[in-house]
Structures are given as structure tokens and as C-alpha cells.
Amino acid sequence: MQNIDFSKRHIGPDENDIKEMLSVIGLSSIDELIYKAVPDNILLKKELD
């Protein structure tokens, strides 16, 4: 039981958590959050190789 508690705290949010967090801040996706949070002059505009 203790192991399950540890993993839930350290693996990160699940899909439902992400949807709820995005809803609270009024965004529709993680990508939208990134584009709003990362300054344009350092945002990579293409996929990595």
C-alpha cells in the first residue's frame, strides 16, 4: 500500500488531472500552455531529430 502512495505522488498527473488543471487556467492543451509560458525567442519551432 505504501508503494502505491509513493508512485501516485511521483509519477505526475494523469489525463484527468491534466484536463482539470487546464480547465482551471482556461487553456485547452499542454501545447497551448507551452506556447503561452515559453518566450517566443527561445521556443523551438520545429520537431527535434
Side-chain angles (χ1 to χ4, degrees):
M1 187 73 156
Q2 188 177 18
N3 203 17
I4 293 170
D5 293 338
F6 177 84
S7 65
K8 285 193 71 68
R9 288 193 317 267
H10 296 281
I11 290 180
D14 63 22
E15 284 298 316
N16 290 331
D17 293 334
I18 292 169
K19 286 178 184 177
E20 184 177 347
M21 288 186 286
L22 290 170
S23 175
V24 167
I25 60 175
L27 300 176
S28 61
S29 70
I30 293 292
D31 286 339
E32 185 179 3
L33 174 60
I34 291 167
Y35 288 121
K36 289 189 177 284
V38 178
D40 195 49
N41 63 328
I42 64 170
L43 185 66
L44 186 60
K45 308 259 190 305
K46 61 180 184 160
E47 293 287 324
L48 294 173
D49 290 337

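All values below were derived from every heavy atom in this structure, side-chain atoms included, with hydrogens, water molecules and symmetry-related copies excluded.
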Please list, one pair per line, the donor and acceptor atoms closer than 3.5 Å that link side chains of residues 11-24 to other protein atoms, with sequence neighbours excluded.
from, atom 1, to, atom 2, distance (Å)
Asp14, OD1, Asn16, N, 3.1
Asp14, OD1, Asp17, N, 2.8
Asp17, OD2, Asp14, N, 3.3

Going by salt bridge (charged side-chain N to carboxylate O under 4.0 Å, His left out), name the residues that satisfy it together with Lys46, two or more places apart in sequence or in a different chain.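 Salt bridge (charged side-chain N to carboxylate O under 4.0 Å, His left out) list for Lys46, sorted by chain: empty.
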By the salt bridge (Lys or Arg N to Asp or Glu O under 4.0 Å) test, which pairs, at least two apart or in different chains, include something from residues 23-35?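 Found none.
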Decide yes or no on side chain to side chain contact (heavy atoms under 4.5 Å, CB included) for Ile25 and Lys36, but give the supporting numbers first. CA-CA 11 Å; Ile25 60 175; Lys36 289 189 177 284; over 6 Å; no
Pairwise side-chain contact, Leu44 with Val38, heavy-atom cut-off 4.5 Å (strictly under):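 They are not in contact (no side-chain heavy atoms under 4.5 Å apart), so the answer is no.
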Is the number of heavy atoms from other residues, nucleotides or ligands within 6.0 Å of CG (Asp49) greater than 12?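 No - once you tally the heavy atoms of other residues, nucleotides and ligands closer than 6.0 Å, there are 12 at most.
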Starting from Ile30, can I reach Leu48 by hopping between I/L/V/M/F/W/Y residues whose side chains sit under 4.5 Å apart? no
